[in-house]
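One structure is given below, encoded as structure tokens.
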Amino acid sequence: MSEPNHGTPSTPSRTAAHTVSRTVRTLRRSRTACVGLGLVALHLAVAVLAPLLTSASPTANVPDEALLGPSGDHWLGTDALGRDVLTRVVYGGQYALTVSFAATTCAIALGTVLGCATALKGGRLDGLLMRVLDAVLAIPPILALLVVVTVLGAGPAVIVLAVTLVYTPQVVRVVRAAALGVAPLDYVTAARARGERTLSILLREVLPNIVHVVAVEFAMRASWVVLLISSLSFLGFGADPPTPDWGLMISENRTAMVVLPWATLAPIIALATLVVGLNLSADGLSRAWSVDRTEEAS
Amino acid sequence: SRTGAEAASSVPEGAATGTPADGGVLRIARPPASQAETLDPADSLSAYEYLGALYNRLVRMDENGETVPDLATDWESDDEGTKWTFRLREGVDFHDGTRFTSADAAYTLRRILDPDLASPQATVLTPLLSPEGVHTPEPGVLRVELDTPNFEFPALLTNYHCYVVPEGSGGSIGESGIGTGPFRLENFSPGGRGRVVADEGHWEGRPVLDAIEMFAMTDIQARTNALLAGQVDLLSQTNLDFATARVVAASDNATIARSVNAQWYVLPMLTTAEPFTDARVRRAMKTAYDPVHLLDVALQGTGVVGEDNPVPPETPYWTDHSLERDPERARALLSEAGHEGLQVDLYTSTYDPVFTPMALAYRDSVAEAGIDVRVRNASADSYYTQIWMQRPLMATYWYTGRPADQLLNQIFRSGSSYNETAWSDPDFDDLLDSARSTADGDRRRRLYQDAQRLVVEEAGAMTPMFADRLVGLSREVLNYHESGFEFDYLNIGLRP
Amino acid sequence: MLLYTCRRLLSAVLTVVLSAVLVFAAVQLLPGDVATQVLGQDATPEAVAALRDQMDLNRPAAVRFLDWIAGAARGDFGLSPVSGEPVAHTLWPHLRNTVLIAVSTIVVAVTASVVLGVLAGLYRDRWPDALISTLTLIGMSVPEFVMATLLVLLLSITVPVLPAVVLDEATAPVADLLPAVVLPTIALSVVMTAYIVRMTRTSIIDVMAGEFVTTARLKGISTVRLVVRHALPSALLPTLNVIAMNVAWLVGGVAVVENVFNYPGIGQLMLESVHNRDLPVLQAIAVISALVYVLCNLAADLGAMALNPRLRTGGGSKR
Amino acid sequence: MNTEHTGPLVRVENLSVAYTSEGADVPVVRGVSFQVRAGRTLAVVGESGSGKSTVAAALLAHLRHGSRVTSGRVELAGQDLFGLDPVAVRRLRAHDVALVGQNAGHSLTPSMRVGAQIEEALLPQRLPRHERRAQVLDLAEKVDLPAPVSLLRRYPHQLSGGQQQRVAIAMALAARPRLLVLDEPTTALDVLTQARILDLVADLSSELGLTSILVSHDLGVVSRMADEVLVMREGAVVEQGSAQQVLTAPEHPYTRLLLASVPRLEDRGLIEVDQDGIRAVRTRTPVPEDAPEVVSLQNVTIDHGPTRAVDGVTLGLRRGEVLALVGESGSGKSTLAWSLAGLHAPSSGHMRLQGRTEGDLDATARRRPLDVRRRVQLVFQNADTSLNPRRAVREAIRRPLRFFGGLSRREADGRVHTLLSDVALDPALSGRLPGQLSGGQRQRVGIARALAGEPEVVVADEVTTALDVSVQASVLGLLEQLREERDLAFVFISHDLAVVRGIADRVAVLRHGRVVEEGPVEAVFSGPNHPYTRSLIDAVLDPSDAHGPEPARTHLSPELPSDTGDDPVWLDLGAGHRIRRRGSGPETTEAT
Ligand SMILES: Nc1ncnc2c1ncn2[C@@H]1O[C@H](COP(=O)(O)OP(=O)(O)OP(=O)(O)O)[C@@H](O)[C@H]1O
Ligand SMILES: Nc1ncnc2c1ncn2[C@@H]1O[C@H](COP(=O)(O)OP(=O)(O)OP(=O)(O)O)[C@@H](O)[C@H]1O
Ligand SMILES: [Mg+2]
Ligand SMILES: [Mg+2]
């Protein structure tokens with residue numbers, strides 16, 4: 001006896017490719033995701049293409065051109081050292097993006113592995129790990145960051161390390177919760193009844209079903225990392241001058257905000273749009289992937 | 001478009017003068033030096049802004065660099081320059097009512113010489129004076145017998161560590177602040193706020209103001225905001241960067257007082273640290289950069305070029321000796337020393353807004369000589385404990401207004417506690433010794449100039465520029481006159 | 001239920017102790033010797049040795065830790081080597097001041113965000129939702145130091161109605177500090193509200209779409225009653241944790257804002273102590289923050305219990 | 001409301017509802033029209049997703065978020081419901097129509113006491129407080145809630161499912177509505193509770209003279225309750241008429257198919273339904289007398305922490321035999337199944353796998369030898385969660401092939417195709433994700449995955465509960481066929497006795513973790529029985545039974561024979577049929 005066929009699409013040859021294309025389709029339909037990913041892509045493009053977009057140097061001091069207002073030569077004017085503000089903002093994305101991408105990737109990777117493992121293993125290991133992570137979480141991040149940065153000295157690598165240290169426990173929590181949601185499901189039970197090893201269960205059954213959580217977490221986390229790193233730069237623990245970093249630019253120029261608004265506003269806007277982009281992407285991704293049954297299951 | 005040099009003229013030259021209102025309270029925002037700061041003038045952590053209000057010295061330095069009377073009315077030395085006699089002002093009382101006598105002056109001097117106190121001024125005075133050499137023949141006369149002749153001795157007493165404190169007050173002066181100055185202490189907390197009130201019986205007459213309140217603020221932006229918002233009237237020890245100065249000058253509440261050549265900026269190379277142990281490297285670092293570029297970038301022209309000589313131009317002992325800028329020569333020197341393509345870290349901080357621009361301009365300037373400078377930002381709060389005299393290369397500044405002898409002895413003499421480059425050259429020390437003991441003014445000047453030449457050629461300090469200090473103050477403030485560390489506490493006042 | 005509370009308390013204490021261990025260990029790694037720090041560059045080696053001795057630095061770390069934690073439990077955090085005073089003397093006033101900002105921020109942010117979140121959830125996909133969502137997105141995207149700087153520019157310098165910085169010391173009476181609390185509170189509230197609003201909105205939407213709310217709605221009761229009695233208790237459950245996390249974040253987030261306003265709170269003390277290597281103060285701050293964090297989570301759990309009778313009455317669930 | 005209205009109380013005309021997805025309208029309900037006269041009960045039946053709930057909600061002027069009425073009108077006593085302003089809608093819901101939802105566990109607000117929730121429905125009547133309280137108590141008594149005073153002070157989670165549903169009914173009655181809409185009011189309940197709730201609703205309807213609309217997919221329930229029946233399929237009405245006519249002489253082929261697919265207690269085997277809805281009962285091949293035992297359970301006790309879920313169960317399973325485990329919710333059926341599959345170790349007793357090589361089943365899966373693991377396989381109840389949504393069908397089946405059989409990828413892919421055809425699935429589906437399959441297809445994939453290990457014993461835990469009747473019939477047919485072809489032994493768990501009768505060879509009835517009766521399927525269904533088994537059998541509703549307050553019983557059981565055996569615990573009736581004696585266990589009857 002045959003069953004009603006609910007108008008399912010033609011058999012795709014490659015499921016992975018299909019998943020990707022379906023995701024792309026879903027994302028394309030969501031305006032939020034489009035705007036968000038668009039903004040992030042724009043920032044990426046600008047950062048990568050910076051040398052092509054502007055011929056000026058982001059670090060050269062030109063005393064004759066200090067403190068100029070916006071003009072044809074300098075669209076957003078120059079700062080106190082005669083550097084073109086627009087050029088610095090354009091190059092500023094390089095630092096912000098590389099450091100926060102690296103830091104986020106480390107935190108997410110470590111957090112995902114730990115989170116999944118502890119969720120699946122459970123028992124005493126889980127209890128111990130969660131207790132330690134709780135203790136780490138209880139220490140204010142800014143304090144931990146300051147201590148790490150003072151111990152090891154500021155520098156991109158140290159900042160990546162510090163941010164990883166501070167954010168991994170939070171990622172572990174999120175991933176663990178997601179994995180715990182998946183762990184009792186019947187397909188995981190089936191794998192356990194087959195007697196599969198934990199690692200194999202993790203890679204085959206759990207991880208593919210929480211990638212969306214991880215991806216959303218990544219976008220979300222990245223936006224916080226961008227903000228955190230700018231705060232560090234602002235407090236003087238981040239990029240060294242003359243690195244064109246947004247947080248540093250804001251802190252360098254904020255005193256002169258009244259007479260030179262663009263030198264401060266431009267990096268603020270750049271920073272805010274990147275964070276907005278990341279946030280919207282996170283929103284869009286989570287909406288696109290929140291397994292909306294009405295649409296998925298016929 | 002307007003260039004930076006033109007823009008410089010948009011900052012006012014000096015503070016407003018006029019007849020102030022009687023009384024009033026002046027509010028000052030100051031950087032908190034440390035939790036450990038004290039009111040003891042001899043201490044290395046003294047709270048500078050309070051000192052001038054609370055104390056007097058025997059002699060002080062006027063705006064032209066001349067030594068003039070304060071608590072001492074006149075002074076003279078014997079022909080060798082070893083026996084000095086100071087006649088003291090009569091009828092002066094300390095804030096606690098006790099009379100000022102030569103015993104207090106002698107106590108002050110002996111205290112500075114006390115090795116346990118480790119006063120920074122001790123390193124200047126100890127070579128020429130021992131406690132036994134201080135005599136009080138009568139209450140109104142102080143006699144000082146120097147171990148070695150020194151015709152500049154009174155000038156050395158103009159230093160802010162030499163404020164006179166009452167006899168026997170050593171244990172309590174750090175909190176009590178009892179002196180003979182125009183203001184009495186009302187309260188003070190280290191690194192926090194404090195208040196001084198007019199001393200009605202001050203020997204020079206009552207000051208114009210009723211009181212001065214001081215507030216400590218770490219962040220320079222916070223200080224500026226407080227001024228712009230009208231919460232304070234004056235930013236002390238705060239040299240505003242040019243852009244901020246324009247903001248302040250443009251505001252309705254506040255303006256800028258410009259104090260010409262008030263400080264010099266230095267990039268000290270620690271001569272005990274690699275690679276600066278090698279004189280050729282130091283020479284290369286000096287010839288490689290163009291001070292004019294630094295002046296333009298960091299100060300927008302509000303200052304003059306320093307030529308690696310910290311003695312301010314046009315002052316009595318100044319020499320115009322300078323090194324030629326020559327990047328090729330610098331490159332050659334470096335390869336000779338085996339440091340081709342030298343890479344160094346240059347530390348700066350937001351402690352002073354000029355540090356970083358200066359460091360960046362230096363970095364630009366020496367690139368041509370193949371020197372790769374990495375500018376490293378350090379925290380402002382611990383800059384002078386973690387970086388200064390610890391790192392091979394950093395940015396710092398000194399206030400002008402010290403006599404050449406004090407300056408050269410304190411900052412360049414072997415073993416001096418403020419010798420920030422740890423430079424040690426016996427020839428230089430000999431030159432200073434002979435200068436001090438030379439009675440003939442012209443000869444003495446030549447000796448000091450020879451010493452400066454050595455500083456320019458050999459020492460570890462790069463002195464690219466002298467800067468005007470841009471002091472932010474309220475438009476209400478009248479008669480703000482500044483010299484060295486202090487301003488004129490007696491006459492400053494508020495608009496009626 | 002009682003058992004649960006006890007176990008929860010025990011685990012809270014354990015967490016605090018564990019973070020104290022972590023902090024103590026980390027702080028030992030800080031470079032720069034406190035003794036040299038305090039005595040200055042010119043200190044003689046003997047003096048340094050004497051001070052180290054006086055500060056107990058020569059004893060094994062484990063012993064010092066035990067001593068210290070025992071003291072901390074009694075509220076005695078030792079002496080600050082920098083100011084020479086008991087740590088508690090500096091700590092409590094600063095803590096009090098931060099609590100002042102924190103409490104007002106929490107009150108403002110939580111009220112605002114619950115109201116806005118509910119509105120956005122109810123008017124889902126319509127203009128109030130779009131407006132609120134846009135505003136919160138901006139709130140989330142502008143770092144708090146920028147927010148603080150802009151506020152000063154606007155409300156202290158351009159239109160001088162509020163103080164730009166705090167001139168008072170940590171020990172000033174609360175009444176004197178109150179005007180200075182406003183701007184930091186606004187700056188922090190904006191950021192905090194943004195996060196909570198989004199959570200509340202999502203969870204309101206979830207709950208409002210749920211069966212029991214539909215059932216209640218079909219009873220014909222008023223919207224206010226529907227939201228307050230039926231939807232909110234369940235919708236606030238997931239929000240509680242976000243609020244708790246945010247309160248814990250405040251302790252850190254406040255550092256930057258306090259820096260901008262020169263506000264004499266725990267954040268400023270923290271920055272200062274990091275610079276001065278004032279380790280006892282740092283440790284004390286870390287432990288207090290950990291305590292706050294743990295208490296927040298505890299409060300969230302208790303709140304969840306109040307909102308969710310399933311937790312309160314224990315068991316009874318049918319899987 | 002206009003009371004002098006004459007004519008049908010409910011009139012739905014050409015109602016169409018659609019929701020917008022990807023900018024396009026997706027119709028959910030298409031041109032539905034019907035009328036209900038006052039005092040009558042209309043049942044709406046149809047498979048899952050056919051739009052029944054949508055229609056039901058429309059009678060309360062309610063639409064799901066995102067959907068809208070595209071045409072037609074809904075009238076209650078002559079009033080157009082979708083033309084009302086919000087205040088009037090509230091009044092309508094407060095006074096005229098009330099809904100009882102499918103799952104009372106989900107439809108009661110978890111944070112409010114149940115008394116307060118009932119009381120809330122009385123608010124619009126603006127009674128003084130004490131009168132309101134009295135009415136609440138009155139209602140609670142009316143719906144037979146035990147110890148109402150204390151019970152009303154409890155929270156929903158502190159009530160059993162049946163009690164929750166009673167509260168929901170009380171809440172609906174509080175408003176004294178003219179129309180009661182019941183959306184699958186008993187689907188989430190077990191048979192015994194279902195019977196009691198249906199009795200209650202029937203009594204109250206006649207007592208209060210209510211008009212009701214009953215949504216259900218269970219034709220047994222419909223035949224028990226309805227005067228008229230409306231059959232829906234894919235949003236449209238396919239047939240409508242009096243209950244008698246639709247249930248006994250259906251006209252539309254779909255209705256016939258639906259009716260024919262319902263398993264009945266009197267079927268002595270599985271049914272096969274052809275395109276026209278003609279049902280044929282397949283004759284069962286009996287298990288050979290000498291079939292060897294494959295699994296034996298000795299005194300198995302399983303605990304979940306402090307709760308004892310299974311208590312001293314002794315059972316045996318022979319090759320090619322289907323052993324059904326029945327019992328109400330929470331009786332320990334799943335727990336036993338999980339232990340067999342090695343997911344939960346028993347706390348005492350022995351479970352052994354017999355056959356060519358013997359193996360202990362006391363250990364958890366990871367401690368069992370690979371061969372033992374392979375020979376016992378589990379099929380899950382919920383097809384939704386039993387397949388990894390991110391892995392294609394091919395991968396799901398290939399994994400056990402490679403894991404147990406050590407096949408290469410190429411060989412495994414070949415086997416996947418054979419297995420798919422074995423479970424009557426098009427091998428072309430192998431590239432699909434589970435989300436792209438229907439529920440029945442997914443369940444077949446789950447079965448194929450269990451077969452991949454070439455098992456001897458398959459543990460099937462409520463594998464058809466979540467499926468529509470027609471799909472259920474086909475899946476059952478598949479299981480039967482596999483049993484015959486492969487000589488498989490099945491542990492078949494179900495609470496639907498009609499299904500059990502069709503597929504099982506032997507039945508074990510569980511209650512509170514103990515076996516109360518065990519025997520060949522014929523013997524158990526013809527009696528005599530343990531009283532608990534009896535009540536389970538009696539509660540089964542049959543769609544072909546006439547409509548009435550008391551369902552007719554065609555096979556009343558004989559009384560238990562008098563005590564003759566010498567076993568103090570078991571009453572042995574021969575041929576493996578044994579019944580636990582009264583008093584030998586906790587025999588408390590549960591209030592629902
Ligand atoms: N937002 C939506 N609004 C309306 N209908 C929706 C929406 N999303 C999905 N649907 C679809 O509407 C159809 C009808 O749903 P409805 O709940 O009325 O069916 P049903 O017959 O009650 O099914 P069941 O027996 O499973 O309860 C389903 O196919 C459902 O998936
Ligand atoms: N993981 C668990 N932890 C604690 N108790 C459990 C657990 N699983 C089941 N139980 C309890 O064990 C008993 C038997 O549960 P089981 O799931 O085996 O019943 P069931 O007969 O399968 O019921 P249903 O028909 O509802 O599926 C119940 O009282 C249940 O509450
Ligand atoms: Mg339904
Ligand atoms: Mg079960």
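So that the names make sense, note that chain A is the first sequence line, chain B the second, and so on, each numbered from 1.
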Self-check item: D:Leu123, part contacting chain C, at a heavy-atom distance under 4.5 Å
Solution: side chain
Quiz item: Side chains of C:His230 and D:Glu120: is there a donor and an acceptor less than 3.5 Å apart?
Solution: yes
Quiz prompt | Charged N-O contact under 4.0 Å between C:Arg201 and C:Asp129 | solution = yes
Quiz item: Does a donor on one side chain and an acceptor on the other come within less than 3.5 Å for C:Ser113 and C:Thr200?
Solution: no
Quiz item: Is it the backbone or the side chain of D:Ala121 that comes under 4.5 Å from a heavy atom of chain C, or both, or neither?
Solution: both
Exercise. Would you mind checking which part of C:Ser222 comes under 4.5 Å of any heavy atom in chain D, side chain (CB onward), backbone (N, CA, C, O), both or neither?
Key: both
Exercise. Indicate yes or no: at least one non-hydrogen side-chain atom of D:Arg93 is less than 4.5 angstrom from one of C:Lys219.
Key: no
